[in-house]
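Structure record follows, encoded as C-alpha cells.
Convention: sequence-line order gives letters A, B, ...; per-chain numbering from 1.
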There are 2 protein chains.
Amino acid sequence: MFTLSEENYLKAIYHLELDSDKGISTNAIAEQLETKASSVTDMIKKLSEKKVVVYKKYKGVHLTGLGKKTAANIVRKHRLWEVFLVEKLNFSWDEVHDVAEQLEHIKSPKLINQLDVLLGFPTHDPHGDPIPDKEGNLKTIEKSLLSTLAKNETGICVGVDDSSSEFLQFLDKKGITLGKKITVLEKEDFDDSLSIKVGEEKLSISKKIANNLYIKKI
Amino acid sequence: MFTLSEENYLKAIYHLELDSDKGISTNAIAEQLETKASSVTDMIKKLSEKKVVVYKKYKGVHLTGLGKKTAANIVRKHRLWEVFLVEKLNFSWDEVHDVAEQLEHIKSPKLINQLDVLLGFPTHDPHGDPIPDKEGNLKTIEKSLLSTLAKNETGICVGVDDSSSEFLQFLDKKGITLGKKITVLEKEDFDDSLSIKVGEEKLSISKKIANNLYIKKI
DNA sequence: ATATTTTTTTAGGCAAGTCTAAAAAATAAG
DNA sequence: CTTATTTTTTAGACTTGCCTAAAAAAATAT
Ligand SMILES: [Mn+2]
Ligand SMILES: [Mn+2]
Ligand SMILES: [Mn+2]
Ligand SMILES: [Mn+2]
C-alpha cells in the first residue's frame, strides 16, 4: 500500500499535526525527516495523489482521515514494538527507538494484533507515550511539564518529551524512571533550576531537564 | 551494510549453493528471485565489488566466506522469527514465511540475540529446517525423503521440502505434523503412492507428497 | 566441424527517491 | 507600498533496482 518512505512522511506529518492545527510546512517536514525541502515537495505531491494528505501549493499540508488513520497505525506499531523490546527482550528504554523505526514498517495485521495480546494490551510505550488503538484513537492523559509545577507540588513521572538515548541515560543515572514520585522542593529564580525529591533521593536539575519531563499531578 | 535487495540475492545464492557445488547460474538466481537474468547480472557485479561473491563472466557465482556468513545470518534471523511467530504469537506453520521474509531484514544484533534467549535457543524452525548459529554453521541431521523408505520402515517426521502454505495446510488436514511417527505400510508400483500409518491413522498419499516430507528413520 | 539453441551479458530506458541550483511566491522590513 | 528576506517550488541530475531488446558467448545437435 505505502512505501517505507511514504510511511515515514505520513508519520512525520502526524507528529507535527499533534502540536499545530495550521498546515504543516514543507520546511517543518524536511527538518523532522532530515531531508531537503525540495524532496518534501516531491513526496507531498505523491501523497496528495494517494489521498492521504490535502495539499495546496505554498499552504502546507494536512492529513486526510485516511492519512491520519494510516499514520496512527504506524505509530501504534512503533510503540507496541518498543514495549515488546523492553518487556520481552530486556532492552532498556534508551535502546528501543532505532529498532522500532525499522519494525514499524513490517506489514502483517495478525502480527501486530498478536503482539498486542502477548503484551497484555499495553496503553503506553516505555517513554510514557500513548499507544493508538486499532482505529487510531489516542487517549491523552492530563500531564504537565515538571517545569510548570509550583514549589511543594507532587506528581508521578509519566513521560518524557525528549526520547534521545542521551537524555534517557541521563535520567537513569539520576534514578528518574516512569512511575517515580517527584516533589518540587525549591525553584531557583536566577537559572530556573529545581531542587526535587525523587523517591527518597534529593537532587538538583536544570531547566532543560524540567522542560522534558512529564508529571501527573497528585 | 547491505540493502534489502542485496540481502535477498545473497540468501538466494546461499540456498542454491546448498544443493550444488558448481557456480550458481544467472538463470537459477533469476528463477529463485522471480526476476530477470539481466537484473541478476547487474546485481552480481555489485555484490562482487562488495567482496561477497566471486564472479567470472559466464561462469556463475560462488559466495565468499564473508558472503556465506552474511547470508547464513539472514537465514538465522528468518528462522528464529518463524519460531517466534509460532511459539509466541500463535501463528500456524503455514502463515509465518511471508512475515519472516520481512523480519529477516531488521538490523539489530541485540534483537536477534535476545530473541534467541526468549525462545530458548531453538535449533530448528517450524518446518524442521536448521537454524544457523551465530557463526553461520548449520548442523544437518540425517533425514530421508519419505519416498525413499522401504515397506515396513518407520520414522519420525522431521521436516518438509516444500514450505508453501498450500502443502502445509494439506498436511494439517491429513494430521501430519513434525514429530509424528510414520510407518510405510505399502508401496504401490503403478503410481508410486504410499499407504502409511500416521500415529494411529492409516492413510494413502501420492508420490508428490512423499517426495516433500522428511523422515528420520528409527 | 558447422549450425542451432540456450544462456548470459550489454545497451538503453524507466520509476522512486534524493540532491543542488535557480526561479517564483509569500512574508517581513523599512 | 516597495524592497529585502525567507520559504517553497521547479528544473535538471544522480543512484538503485528493475525492465526489454539485441548482441555475444557457451552449450548442444547435426
Ligand atoms: Mn520511539
Ligand atoms: Mn517511544
Ligand atoms: Mn520461511
Ligand atoms: Mn522455515
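Here C/dT8 presents its P atom at 15 Å from CG of B/D42, a figure rounded to the nearest Å. Atom pair A/M43:CE and C/dG17:C1' shows a separation of 7 Å (rounding to whole Å applied). Put simply, NZ on A/K57 is 17 Å from P on C/dA23, counting in whole angstrom units. Spacing between atom OH of A/Y58 and atom C1' of C/dA23 amounts to 8 Å, rounded to whole angstrom units. Rounded to whole Å, atom C1' of D/dT6 lies 15 Å from atom CD of A/E31. The distance from atom CD of B/E6 to atom P of D/dT16 is 9 Å, rounded to the nearest whole Å. Put simply, NZ on A/K59 is 6 Å from P on C/dA26, counting in whole angstrom units. The CG-C1' distance, from B/L47 to D/dT16, rounds to 13 Å in whole Å.
In terms of phosphate contacts, B/N27 brings a side-chain nitrogen or oxygen within less than 4.0 Å of OP1 or OP2 of C/dT8. The phosphate of C/dA21 has neither OP1 nor OP2 within less than 4.0 Å of any side-chain N or O from A/K36. Considering only side-chain N and O atoms, A/K45 lies under 4.0 angstrom from the phosphate OP1 or OP2 of D/dT10. Remark: A/Y9 is not in phosphate contact with C/dA16, judged by side-chain N or O atoms under 4.0 Å from OP1 or OP2. Not one side-chain nitrogen or oxygen of B/K46 sits closer than 4.0 Å to the OP1 or OP2 atom of D/dT15.
Aromatic ring orientation, A/W81 versus A/F84: perpendicular (interplanar angle above 60°, classes split at 30° and 60°).
Put simply, the side chain of B/H127 gets close to the backbone of B/W93: a donor and an acceptor are under 3.5 Å apart. In this structure, the side chain of A/T64 engages the main chain of A/K51 through a donor-acceptor pair within 3.5 Å.
Here the nucleotide nearest the side chain of B/T35, chosen from D/dT10, D/dC18, D/dG17, is D/dC18. For A/S39, the listed nucleotide lying nearest its side chain is C/dC19; candidates were C/dC19, C/dG17, D/dT8.
Between B/Y55 and A/L4, the residue anchored closer to the 5' end of DNA chain C is B/Y55, taking for each the nucleotide with the nearest heavy atom. Two residues, B/S25 and A/T3, neighbour DNA chain C, and the one matched to the more 5' nucleotide by heavy-atom proximity is B/S25.
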- Message: Pair B/K77, B/L115 - check side chain to side chain contact (heavy atoms under 4.5 Å, CB included), show working.
- Response: CA-CA 9 Å; B/K77 291 194 279 181; B/L115 196 62; over 6 Å; no
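Put simply, the side chain of A/S38 and the base of C/dT20 share a donor and an acceptor less than 3.5 Å apart.
The side-chain heavy atoms of A/V61 and A/I24, taken from C-beta on, include a pair separated by under 4.5 Å.
Looking at heavy-atom distances under 4.0 Å, A/K56 makes no contact with the nucleic acid at all. B/S5 comes within 4.0 angstrom of sugar-phosphate atoms only, judged by non-hydrogen atoms across all strands, and of no base.
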